S.K.: 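Here it is: the structure, laid out below.
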Amino acid sequence: MNKRMNTLKIVAVLLLVGIVSCKTKDKVAKKELPAKRPNIIFMMSDDHAYQAISAYSNHLIETPNIDRIADEGIKFTNACVSNSICAPSRATILTGKHCHIHGKVDNVFPFDESQTTFPQLMQKAGYKTAMFGKLHFGNNPKGVDEFKILPGQGRYYNPIFNTNDGQITVEGYVTDIIMDMTLEWLENNKNSEEPFMLFSMQKAPHREWLPAPRHFKEYTKKTFKEPETLFDNYEGRGTAAKTAEMNLLTHMNWAGDSKMYPEIMKELGIKDMSGWDLEAFEREVGAMNAEQRAVWDSVYRPMMEAFKKEYPTMNEKELMKWRYQRYMQDYLGCIASVDENVGRLLDYLEETKLDENTIIIYTSDQGFYLGEHGWFDKRFVYDESFKTPLLIKWPNVITPGTTNTEMVQNLDFAQTILEAAHIVPPADMQGESLIPLLLGNNEEWTRDAVYYHYYEYPGIHMVKRHYAIITQEYKLAHFYYDVDEWELYDRKNDPQEMKNVIDDPAYADVLVKLKKQLVELRKEYGDSSQLDQEILKKYMEAKNNPDIETVPLH
């Protein structure tokens, strides 16, 4: 009897173990962060629209090398910024804080130097740090061992760099030069025992869009598909869209942007409407050496002479189409060089086996309009400028070919990189680490909405001040100061954001919910109407002060 009972007990235990084992197999094990600290390469281009990366869309250009990062890692389709303008975006990336906290709310206000940047924390934790390319504010980045940084916006040809040892001028094309510096540093440090944090920050494709000589002939002969909204009349939108000064035909410079020779402008009676159009042409084209200028003139001079003959008979629609093609030819020609140089870096990392323990990040400081709604530039919370490309590769950690749709933001980069490096982020950082999404532990992600705030108004491009809440489904924005207007867009059913549904009864419940969430977000991030007015007052005081440069190289 006892033997029989013991046998039954054993069978019961084995059955229980089997059941538990089956349940354990059914439950996916949580993926853990690797114990070894990785190297990190942060590549960022300036104003690189996600529409100009073929991993997102190939209707304009193929970018096979940038696409390699997406193919071998993760692509975020709802990555975005907290303020779509250069210097504020970069300050947010470095601090992990919104603009009203770090002080760089626009290109005029100074960065709060008391703020801690994540490179400082990495440097302190034993990482070797370096930065090459465009920072756009400050000439001595905090927490960086070695740097070569373009002053301000920098220039495309024969650029000047501020370095640890003073200022230098380097002959050549800026995109190639920045990658030369990046690869040289890697070669000199590839055998280091310490992990590294390397920033490779391209100027391209920032305005005024000068391609490398090797791309002149190819891209100036290309014709690109026009966006459906090129001739948008902004019906169904608010005052802000109707009064912005970003139209390709009426607000884009002729010399600096479309590359019209100043003497041809004079012959045709075309005025320098911005006050710095001719200056921009001279700053960029005038920086070329004799050999570079000869190649430039051999391509651009005949093109402009041909336009000079056609101009007197062209109507506004024809001029708009011509300006769009000129814009795309130069902008995408710049992208071609960026993509080639990303390929140089990826090839080097594979050849040296450095790729095996290196996180590679590719992004932009914001999105950009490529003729959508008839516009160029950025600034608005509308998708073309609000969204930004974000591709991350991390061998043996990120599942290759992953696509993620969560609302991630440049606010999150600092905490993500710190966590990857096993560094505890400061409690006052305001982002959310992307590590759960990189590991595939998506259930740990907590955010369903992001906060946006744009400040630089009145100013260049005249995009009104506004703040917003954005989810995967909806976007609610409040435009303020000289207007008091709300806009609501259904991102799923109206992806081009052509109809403001703020007064549509069908969205009444959505509006109530989003307004409540927006109030909560502003409180959570320490923003308020009172702070809006304080910042506005300081901005107007600076704008009216003749000793302060309010539009530093646009």
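All of these numbers come straight from a predicted model, not from anything done at the bench. Only heavy atoms go into these numbers, but all of them, side chains included; no hydrogens, no water, no symmetry mates.
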S.K.: Under a 3.5 Å distance rule, please check whether N247 uses its side chain to pair with a backbone N or O of T250 as donor and acceptor.
M.R.: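 Flag set: sc N247 to bb T250 pair under 3.5 Å.
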S.K.: Under a plain distance cut-off of 3.5 Å, with no hydrogens placed, do T95 and Q115 share a side-chain donor-acceptor pair?
M.R.: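 No, T95 and Q115 have no side-chain donor paired with an acceptor closer than 3.5 Å.
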S.K.: For atom NZ of K225, decide whether the heavy atoms of other residues, nucleotides or ligands shown that lie under 6.0 angstrom number more than 12.
M.R.: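 Check fails, neighbour count at 12 or below.
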S.K.: Examine distances only and state if a side-chain atom of T77 and a backbone atom of N404 form a donor-acceptor pair shorter than 3.5 Å.
M.R.: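 Confirmed, T77 side chain pairs with N404 backbone.
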S.K.: Let me see the working for H102 and T92 under side chain to side chain contact (heavy atoms under 4.5 Å, CB included), right down to the final yes or no.
M.R.: CA-CA 7 Å; H102 60 62; T92 291; 2.9 Å; yes
S.K.: Output all residues satisfying ring-ring contact (aromatic ring centres under 6.0 Å, His included) with Y56, sequence neighbours left out; order by chain, then residue number.
M.R.: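 With neighbours one apart ignored, the set is empty.
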S.K.: Taking the six-membered ring of Y481, is NZ or CZ of K464 closer than 6.0 Å to its centre and within 45° of its axis?
M.R.: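 Judged by the rule (NZ or CZ under 6.0 Å from the ring centre, within 45° of its axis), K464 is not positioned above Y481.
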S.K.: Does any N or O in the side chain of K321 come within less than 3.5 Å of the main-chain N or O of E226, such that one atom is a donor and the other an acceptor?
M.R.: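 No, K321 side chain to E226 backbone: no donor-acceptor pair under 3.5 Å.
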S.K.: Counting only N and O atoms by type, is there a donor-acceptor contact under 3.5 Å from the side chain of K475 to the main-chain atoms of V381?
M.R.: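 Side chain of K475 to backbone of V381, a donor-acceptor pair under 3.5 Å: yes, one is there.
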S.K.: Would you kindly check if the NZ (Lys) or CZ (Arg) of R522 is within the cone defined by 45 degrees around the ring axis of Y467 and under 6.0 Å from the six-membered ring centre?
M.R.: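 Yes; both conditions hold, so R522 lies above the ring face of Y467.
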S.K.: Give the ring-plane orientation class for Y454 versus H466, where under 30° counts as parallel, over 60° as perpendicular and anything between as tilted.
M.R.: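 Geometry flag for H466 against Y454: tilted rings.
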S.K.: So, E487 side chain and A477 main chain: donor-acceptor pair closer than 3.5 Å or not?
M.R.: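 Absent.
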S.K.: ring-ring contact (aromatic ring centres under 6.0 Å, His included) with Y369: which residues, sequence neighbours excluded?
M.R.: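 Testing Y369 for ring-ring contact (aromatic ring centres under 6.0 Å, His included), a comparison that skips the adjacent residues, returns W375.
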S.K.: Write down the atom of D67, the atom of A55, and the distance for their closest heavy-atom approach.
M.R.: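 What the structure gives for the nearest pair is OD1-N, 2.9 Å.
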S.K.: Quick one: closest heavy-atom pair of L370 and A49, and the distance?
M.R.: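 L370 and A49 have their closest heavy atoms at CD1-CB, 3.8 Å.
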S.K.: Parallel under 30°, tilted from 30 to 60°, perpendicular over 60°: which one fits the rings of Y331 and Y327?
M.R.: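 Ring orientation, 0 to 90° scale: perpendicular.
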S.K.: Would you mind checking if K499 and D504 are paired as a salt bridge, meaning a charged N to carboxylate O distance below 4.0 Å?
M.R.: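 Salt bridge between D504 and K499, a charged N being under 4.0 Å from a carboxylate O: no.
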S.K.: Can you tell me which residue among T388, L390, D383 is in a side chain to side chain contact (heavy atoms under 4.5 Å, CB included) with Y50?
M.R.: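 With Y50 as partner, side chain to side chain contact (heavy atoms under 4.5 Å, CB included) holds for just one option, D383.
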S.K.: For the residue pair S45 / S364, report whether a side-chain donor-acceptor contact shorter than 3.5 Å exists.
M.R.: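 S45 and S364 do not have a side-chain donor-acceptor pair below 3.5 Å.
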S.K.: Measure from NZ or CZ of R326 to the centre of the six-membered ring of W254, then state whether that distance is under 6.0 Å and the direction lies within 45° of the axis.
M.R.: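 The answer is no; the distance or angle limit is not met.
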S.K.: Is it the case that more than 12 heavy atoms not belonging to M273 sit under 6.0 Å from its CE atom?
M.R.: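 No - once you tally the heavy atoms of other residues, nucleotides and ligands closer than 6.0 Å, there are 12 at most.
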S.K.: CG of N500 to CG of L488: how many Å apart, nearest 0.5 Å?
M.R.: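 So the CG of N500 and the CG of L488 are separated by 7.0 Å.
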S.K.: Output every pair passing salt bridge (Lys or Arg N to Asp or Glu O under 4.0 Å) with a member in residues 87-99, not counting sequence neighbours, ordered by first then second residue.
M.R.: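 Checked against salt bridge (Lys or Arg N to Asp or Glu O under 4.0 Å) - neighbours excluded - the pairs reaching residues 87-99 are D46-R90, R90-D365, K97-D428.
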S.K.: In Å, rounded to the nearest 0.5 Å, how long is the span from OG of S258 to CD1 of I270?
M.R.: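 CD1 of I270 is found 9.0 Å from OG of S258.
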S.K.: Can you see which heavy atom on A280 is nearest to which on G256, and at what distance?
M.R.: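 What the structure gives for the nearest pair is CB-CA, 4.1 Å.
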S.K.: Please tabulate, for the side chains in residues 506-519, all donor-acceptor contacts under 3.5 angstrom to protein atoms that are two or more places apart in sequence or on a different chain.
M.R.:
{"from": "Y507", "atom 1": "OH", "to": "D490", "atom 2": "OD2", "distance (Å)": "2.8"}
{"from": "K516", "atom 1": "NZ", "to": "E520", "atom 2": "OE2", "distance (Å)": "3.0"}

S.K.: Just wondering, are more than 12 heavy atoms of other shown residues or ligands nearer than 6.0 Å to CD in E228?
M.R.: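 No, CD of E228 has 12 or fewer neighbouring heavy atoms, counting only those of other groups under 6.0 Å.
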S.K.: Any donor-acceptor pair under 3.5 Å linking the side chain of K31 with the backbone of G440?
M.R.: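 Not confirmed, K31 side chain does not pair with G440 backbone.
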S.K.: Any donor-acceptor pair under 3.5 Å linking the side chain of E456 with the backbone of N107?
M.R.: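 Pair found, side chain donor or acceptor close to backbone of N107.
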S.K.: Check for me whether the distance between the ring centres of F109 and H100 falls short of 6.0 Å.
M.R.: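 No, ring centres 6.0 Å or more apart.
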S.K.: Can you give me the closest heavy-atom contact between T63 and A52, atom names plus distance?
M.R.: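 Shortest heavy-atom separation between T63 and A52 comes out as CG2-O, 3.7 Å.
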S.K.: Show your working on side-chain hydrogen bond (donor to acceptor under 3.5 Å, both in side chains) between S89 and Q366 and close with a plain yes or no.
M.R.: CA-CA 7 Å; S89 175; Q366 61 259 322; 4.7 Å; no
S.K.: Looking at T405, is its backbone amide N or carbonyl O close enough to the side chain of N78 to form a donor-acceptor pair, meaning the two atoms are under 3.5 Å apart?
M.R.: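 Yes: the side chain of N78 pairs with the backbone of T405.
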S.K.: For the residue pair H48 and Y362, does the interplanar ring angle fall in the parallel (under 30°), tilted (30 to 60°) or perpendicular (over 60°) class?
M.R.: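 Perpendicular.
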S.K.: For the residue pair I93 and N410, what are the closest heavy atoms and their distance?
M.R.: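 Smallest heavy-atom distance, with atoms named: CG1-CB, 3.8 Å.
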S.K.: Only one of R379, K134, K378 passes salt bridge (charged side-chain N to carboxylate O under 4.0 Å, His left out) with D47; say which it is.
M.R.: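 Checked R379, K134, K378 against D47; only one passes salt bridge (charged side-chain N to carboxylate O under 4.0 Å, His left out): K378.
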S.K.: Y525: what forms a ring-ring contact (aromatic ring centres under 6.0 Å, His included) with it, not counting sequence neighbours?
M.R.: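 Y525: ring-ring contact (aromatic ring centres under 6.0 Å, His included) contacts with H98.
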S.K.: Check the surroundings of atom CD in E443: do more than 12 heavy atoms from other residues, nucleotides or ligands lie under 6.0 Å from it?
M.R.: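 Counting other residues, nucleotides and ligands, CD of E443 exceeds 12 neighbours.
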S.K.: In Å and rounded to the nearest 0.5 Å, what is the CE to CE distance from M320 to M252?
M.R.: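 Answer for the CE-CE pair, M320 versus M252, is 9.0 Å.
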S.K.: For the pair Y382 and H373, name the ring-plane relationship: parallel under 30°, tilted 30 to 60°, perpendicular over 60°.
M.R.: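 Because their plane-to-plane angle lies in the 30° to 60° range, the rings of Y382 and H373 count as tilted.
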S.K.: Can you tell me how far NZ of K148 sits from CG of N162, rounded to the nearest 0.5 angstrom?
M.R.: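 Atom-to-atom, N162:CG and K148:NZ are 12.5 Å apart.
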S.K.: Show your reasoning for whether side chain to side chain contact (heavy atoms under 4.5 Å, CB included) applies to R447 and E406.
M.R.: CA-CA 8 Å; R447 178 195 293 144; E406 296 290 354; over 6 Å; no
S.K.: Within this structure, what is the CD-CD1 distance for the pair Q202 and I178, rounded to the nearest 0.5 Å?
M.R.: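 One finds 4.5 Å between CD of Q202 and CD1 of I178.
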S.K.: Between D532 and R465, is there a side-chain N and carboxylate O pair less than 4.0 Å apart?
M.R.: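 So D532 does not pair with R465 through a salt bridge.
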S.K.: Heavy atoms only: give me the nearest Y156-L210 pair and the separation to one decimal.
M.R.: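 It is CD2-O, 3.3 Å.
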S.K.: Tell me, with the steps shown, if Q496 and D232 meet side chain to side chain contact (heavy atoms under 4.5 Å, CB included).
M.R.: CA-CA 11 Å; Q496 293 182 323; D232 193 350; over 6 Å; no
S.K.: Does CD belonging to E235 count more than 12 external heavy atoms closer than 6.0 Å?
M.R.: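 No - once you tally the heavy atoms of other residues, nucleotides and ligands closer than 6.0 Å, there are 12 at most.
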S.K.: Indicate whether any N or O donor in one side chain lies under 3.5 Å from an N or O acceptor in the other, for S433 and E419.
M.R.: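 Yes, E419 and S433 have a side-chain donor paired with an acceptor closer than 3.5 Å.
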S.K.: What pairs with Y324 under ring-ring contact (aromatic ring centres under 6.0 Å, His included), at least two apart in sequence or on another chain?
M.R.: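 Counting only residues at least two positions away or on another chain, Y324 forms no ring-ring contact (aromatic ring centres under 6.0 Å, His included).
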S.K.: Under 3.5 Å, is there a donor-acceptor pair between the side chain of E245 and the main chain of H251?
M.R.: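 Judged by distance alone, no pair lies under 3.5 Å.
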S.K.: Measuring from L476:CG to I502:CD1, what's the distance to the nearest 0.5 Å?
M.R.: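 Separation between the atoms: 5.5 Å.
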S.K.: Is a donor on one side and an acceptor on the other found under 3.5 Å between the side chain of T129 and the backbone of D145?
M.R.: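 Side chain of T129 to backbone of D145, a donor-acceptor pair under 3.5 Å: yes, one is there.
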S.K.: Would you check if F132 and L198 make a side-chain contact, meaning some heavy-atom pair closer than 4.5 Å?
M.R.: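 The answer is yes; the side chains approach within 4.5 Å.
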S.K.: Could you please spell out the steps behind the side chain to side chain contact (heavy atoms under 4.5 Å, CB included) verdict for R207 and N253?
M.R.: CA-CA 10 Å; R207 195 179 187 185; N253 283 336; 3.6 Å; yes
S.K.: Count the heavy atoms belonging to other residues, nucleotides or ligands that lie under 6.0 Å from CD of Q530, then report whether that count exceeds 12.
M.R.: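 Not buried by this count: 12 neighbours or fewer within 6.0 Å.
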